[in-house]
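To start, the structure under review is shown below, and the notes come after it.
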Amino acid sequence: ELGGEMIVKPLDGNGGRDVFHITRGDRNARAIVEAGTDHGRRLLMAQRYLPAVRDGDKRIILIEGEPAGAVLRIPAADDARANLHVGGRAEHAELSDRDREICARIGPRLREKGVVFAGIDVLGAHLTEINITSPTGVREIEQLSGVALEAQVLDAVEARLQDAARSEAAAKVAPILALLALYRGQISRADELARAAGHQQDRSEGERRRDGGAEQGDRQRPHRLLDGGDGAEGGCPPVEDVRPVLGLRGEHLGQTEEGQ
């Protein structure tokens, strides 16, 4: 059904790990599938082998659903995998009309799902993967193209946080905004955000005490909000609280093999 050749790999893999190129008549095929599925306890995916991989696997980074940069990953002569982690070579890449068509079709869906930062893989004219768990390629794109994608990612995250800051989630996102301000060297802005968050937390604590819902305890000072405390009582909010704000709902749009 797949033309006599296929690529098998785990849904939760990364960096080329456990990726196999199987051909018709390969006596190891059954053993590879058994090992890859952990004898039926783990999901594998199978894709048609595309010879275009020899010309390179293009990783395209999308930020808020828009293409921001690309890098071509060329596999080593003795390997079917183009992953940089296993010896693939990075080369500068431009977006083709087909690449832009693919991005235009999936971009709105990524934005709808709240995926700020994604990396898609294109072989020839085919979309083969959508990666949303810290996709690789940012450093290579900057080295080869001079585009600082990490700044664009932070801008996009900050924009989402600013929107949330105007809502009931303000107390939770203010510490994160303060950290972003520190990253940018905006010390006074970071202090302002930290103090604002501390004021909101103190007010919330007071309301809980008046309602009889909380016992008297140590009050968190605003300047300690960046100390990395545990959740709403000081420090950055726990990951499970921040994920909805950033749009990280744990939903997968397809293949999510970081670094592939």
Side-chain angles (χ1 to χ4, degrees), residues 2-23 45-111 115-156 252-260:
L2 296 180
E5 294 183 84
M6 68 178 180
I7 298 294
V8 295
K9 51 191 172 184
L11 292 177
D12 58 351
N14 64 83
R17 183 183 63 194
D18 298 333
V19 177
F20 295 95
H21 177 201
I22 302 177
T23 59
M45 68 174 301
Q47 292 178 309
R48 181 187 300 274
Y49 174 76
L50 299 175
V53 70
R54 304 313 309 174
D55 298 322
D57 177 358
K58 187 180 294 185
R59 164 59 58 86
I60 303 172
I61 298 295
L62 292 92
I63 301 174
E64 287 288 13
E66 296 293 334
V71 60
L72 193 65
R73 299 173 297 176
I74 310 294
D78 59 351
D79 204 320
R81 301 168 298 175
N83 308 79
L84 302 177
H85 294 288
V86 294
R89 184 179 76 256
E91 291 188 0
H92 174 76
E94 297 288 347
L95 296 179
S96 67
D97 290 341
R98 174 57 176 164
D99 296 335
R100 295 186 184 280
E101 178 186 354
I102 291 172
C103 292
R105 292 186 64 181
I106 67 174
R109 182 64 168 167
L110 292 172
R111 288 192 296 274
V115 179
V116 175
F117 179 41
I120 67 172
D121 294 339
V122 177
L123 281 179
H126 302 281
L127 172 66
T128 61
E129 293 186 11
I130 300 176
N131 301 272
I132 60 173
T133 53
S134 189
T136 192
V138 170
R139 287 183 296 180
E140 289 74 20
I141 290 172
E142 182 169 7
Q143 292 167 0
L144 295 168
S145 305
V147 180
L149 296 184
E150 69 277 9
Q152 296 181 38
V153 172
L154 286 177
D155 287 343
H252 300 282
L253 302 180
Q255 303 163 38
T256 57
E257 297 181 23
E258 178 276 332
Q260 295 294 333

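In what follows, residues are counted from 1 in the order of the sequence shown.
One finds no salt bridge joining R139 and E150 here, because no Lys/Arg side-chain nitrogen approaches an Asp/Glu carboxylate oxygen to under 4.0 Å.
Not a single donor-acceptor pair under 3.5 Å links the side chain of K58 to the backbone N or O of I120. With R98 contributing its side chain and A125 its backbone, the two residues share a donor-acceptor pair below 3.5 Å. Between the R59 side chain and the T136 main chain, a donor and an acceptor come within less than 3.5 Å of each other. Checking side-chain atoms of N131 against main-chain N and O of G119 turns up a donor-acceptor pair under 3.5 Å. No donor-acceptor pair closer than 3.5 Å links the side chain of Q152 to the backbone N or O of I63. With hydrogens and angles disregarded, no donor-acceptor distance shorter than 3.5 Å links the side chain of N83 to the backbone of H85.
To the nearest 0.5 Å, atoms CD1 (I7) and OG1 (T128) are separated by 10.0 Å. Note: D99 CG to L127 CG = 10.0 Å, rounded to the nearest 0.5 Å. Going from atom CD1 of I141 over to atom CG of L72 covers 11.0 Å, rounded to the nearest 0.5 Å. Note: L144 CG to E91 CD = 8.5 Å, rounded to the nearest 0.5 Å. Put simply, NE2 on H92 and CD on E140 are 14.0 Å apart, with the number rounded to the nearest 0.5 Å.
Contact detail for A46 and M6: the closest heavy-atom pair is CB-SD, 4.0 Å. Scanning both residues, A118 and L110, for their nearest heavy atoms gives CB-CD1, 4.2 Å. Of all non-hydrogen atoms in D57 and A82, the two that sit nearest each other are CB-CB, 3.8 Å. The shortest heavy-atom contact between G124 and V122 is O-CG1, 3.5 Å. For A68 against V147, the heavy-atom pair with the smallest separation is O-CG1, 4.1 Å. Residue P10 comes nearest to D18 through the heavy atom pair CD-O, 3.3 Å, listed as atom of the first residue, atom of the second, then distance.
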Next item on the list: Start with the C-alpha gap between D121 and R73, add the side-chain angles, then the distance that decides, and say whether side chain to side chain contact (heavy atoms under 4.5 Å, CB included) holds.
Entry: CA-CA 10 Å; D121 294 339; R73 299 173 297 176; 3.0 Å; yes

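By the 4.5 Å heavy-atom criterion applied to side chains, I60 and C103 are counted as neighbours. Residues K9 and R81 fail the side-chain proximity criterion, which asks for heavy atoms closer than 4.5 Å. Within the 4.5 Å cutoff, the side chain of P75 has heavy atoms near those of the R54 side chain.
Partner of E5 under the side chain to side chain donor-acceptor pair (under 3.5 Å) criterion, out of R48, Q47, H21: H21 alone.
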